[in-house]
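This report refers to the structure that appears directly beneath it.
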Amino acid sequence: MADEEPVDPKGYLEESCKPKCVKPLLEYQACVKRIQGDESGHKHCTGQYFDYWACIDKCVAPKLFSKLK
């Protein structure tokens with residue numbers, strides 16, 4: 001029993017939270033599609049990307065911290 005590696009539930013929890021964050025994901029995907037032709041490199045979707053992951057983190061945090069010892 002002591003030789004077993006503990007399993008990190010964060011990945012599973014993130015996957016289970018993704019359906020709850022569809023709106024930020026769609027906004028990010030729309031931004032990516034909008035800037036695909038940008039050759040200058042000045043346009044980016046960093047804000048939308050972080051909004052999406054903030055949504056997932058907000059969903060995961062209470063579930064994850066309840067499992068920590």
Side-chain angles (χ1 to χ4, degrees):
M1 183 92 181
D3 293 339
E4 292 181 25
E5 281 290 317
V7 177
D8 185 4
K10 185 174 182 250
Y12 169 77
L13 292 172
E14 286 177 347
E15 289 300 319
S16 69
C17 283
K18 284 182 179 181
K20 297 176 183 168
C21 298
V22 172
K23 185 178 179 207
L25 175 61
L26 292 175
E27 291 172 1
Y28 171 67
Q29 289 173 337
C31 178
V32 169
K33 191 176 278 190
R34 195 170 49 246
I35 67 166
Q36 275 181 336
D38 178 37
E39 299 293 326
S40 68
H42 293 289
K43 297 178 183 175
H44 58 83
C45 298
T46 306
Q48 291 85 350
Y49 179 81
F50 283 126
D51 289 346
Y52 173 61
W53 281 102
C55 177
I56 292 174
D57 288 343
K58 185 176 181 181
C59 173
V60 167
K63 298 172 189 170
L64 181 64
F65 287 111
S66 71
K67 293 181 186 265
L68 295 178
K69 294 181 181 179

| request: Would you mind listing every salt bridge (Lys or Arg N to Asp or Glu O under 4.0 Å) that reaches into residues 6-18, with sequence neighbours excluded? | output: Lys10-Glu14, Glu15-Lys18
| field | Pairs where residues 40-59 contributes a residue and the test salt bridge (Lys or Arg N to Asp or Glu O under 4.0 Å) is met, not counting sequence neighbours | value | none
| query | Between CH2 of Trp53 and CG of Leu25, what distance do you get to the nearest 0.5 Å? | reply | 10.0 Å
| query | Between Leu64 and Pro9, which heavy-atom pair has the shortest distance, and what is it? | reply | CD1-CG, 3.8 Å
| query | In the single-linkage hydrophobic clustering (I, L, V, M, F, W, Y; side-chain heavy atoms under 4.5 Å), do Leu26 and Tyr52 co-cluster? | reply | no
| said: For the cysteine pair Cys31/Cys45, does the gap between the two SG atoms stay under 2.5 Å? | reply: yes
| field | Cysteines Cys55 and Cys21 with SG distance under 2.5 Å | value | yes
| field | Atom of Glu27, atom of Gln48 and distance for their closest heavy-atom approach | value | O-CG, 4.0 Å
| request: Could you state whether Val32 and Val22 fall into the same hydrophobic cluster, counting links through intermediate Ile, Leu, Val, Met, Phe, Trp or Tyr residues with side-chain heavy atoms under 4.5 angstrom apart? | output: no
| remark: Ser40 meets the side-chain hydrogen bond (donor to acceptor under 3.5 Å, both in side chains) criterion, sequence neighbours left out, with Asp38
| query | From His42 NE2 over to Ile35 CD1, what is the distance, rounded to the nearest 0.5 angstrom? | reply | 12.5 Å
